[in-house]
Amino acid sequence: MKKRAVHMVGNWKMNQTLEEISHFFIEMSKMKMELKCKAWIAPQAIHISILKEIAFTTGSIQIGAQNCSEHEAGAFTGEISALGLADLGVEFVIVGHSERRTLYGESNELLNKKVLLAMKHGLKVIYCVGESLAERESNQTFNIIETQLSVGLKNIPVELAHLLMIAYEPVWAIGTGKSATAAEAEEAHAFIRSKLTTNAEQTIILYGGSVKPDNIDSLLCNENIDGALIGGASLKAQDFRALCSSGSTAMM
Ligand code: PGA
């Protein structure tokens, strides 16, 4: 039995058509299991409303966003505001995914602004950290994570610390089919927890990077791994269902 609630979070990235979404939920609804873990999905922003509607009728899946702006409001064409997400009743937002860091040049300082703004509007924040292959090979993993945490999570008001969740996603494991071993992941998770100054024991820390139905159980049996942030395998209802089923078993 896990100490903290297990979360299975699907990051759909820039995928899924309306037809695929509808197929996904039809397949999910065939799932004859009692969902004991949290099942969350972050679709493309344009699909948040429609997923919220479907999720409302199916009742068991919470919807979030993959990103938000560091600005409150104003002339920022194409951006997504944290206030707008909160207004829609969105549950959570992913901040600092490695694709945002590398493809869009988002720094720890910029991500800190996003974290604080999203929390100010009451959104749960899944803040992503993780090292590249070169950083791991040069023994920089823990320094990199420590800086990502200390800068990205600076000045979080104590009363909002309960909104923080963290995803440890080694960059070399994302979309590569090469997951970290359970021991590597647990070591990083324990390190992350040891660096949290508020709410450390309660904070949900997810592992991400090539999570699949066949490696989730070995990850979840570790003390500091409270669930997963899942890319590719969350697109297929059958796989996401299997992951949620493992998450539910880990809760019992
Ligand atoms: P993956 O992606 O599961 O396809 O490796 C994980 C992520 O990017 O969050």
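Remember, it's a predicted structure, so these values are computed and weren't measured experimentally. Indexing begins at 1, ligand by ligand and atom by atom, following the structure's order. Along the sequence shown, residues are numbered consecutively beginning with 1.
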Residues Q16 and H23: side-chain donor-acceptor under 3.5 angstrom: no

Any idea which atoms of ligand 1 are less than 4.0 Å away from a heavy-atom of N11? 9 (O)

among protein heavy atoms, the one nearest atom 4 (O) of ligand 1 is G232 N, 2.9 Å

Closest non-hydrogen protein atom to atom 3 (O) of ligand 1, residue and atom name please, with distance? G231 N, 2.9 Å

Side chains of S132 and E135: donor-acceptor distance under 3.5 Å anywhere? yes

What about G209: any of its N or O atoms under 3.5 Å from an N or O on ligand 1? no

Using a strict 4.0 Å cut-off to heavy atoms of A173, name the atoms of ligand 1 that fall inside it. 5 (O)

Would H97 count as a contact of ligand 1 if the rule is a heavy atom under 4.0 Å away? yes

Check the angle between the aromatic planes of W40 and H7 and answer parallel, tilted or perpendicular using the 30° and 60° thresholds. perpendicular

NZ of K13 to CD1 of I94, rounded to nearest 0.5 Å, is 9.0 Å

Looking at E131 and R136, does any basic side-chain N land under 4.0 Å from a carboxylate oxygen? yes

For ligand 1 and G208, I'd like to know whether there is a polar contact (N/O to N/O, distance under 3.5 Å). no

Any N or O of K13 that comes nearer than 3.5 Å to an N or O of ligand 1? yes

Contact check: G175 vs ligand 1, nitrogen or oxygen atoms, below 3.5 angstrom: yes

Below 30° counts as parallel, above 60° as perpendicular, anything between as tilted: where do the rings of W12 and F24 land? perpendicular

Ion pair present between K154 and E109, side-chain N to carboxylate O less than 4.0 angstrom? no

How far is atom 9 (O) of ligand 1 from its nearest protein heavy atom, and which residue and atom is that? E169 OE2, 2.7 Å

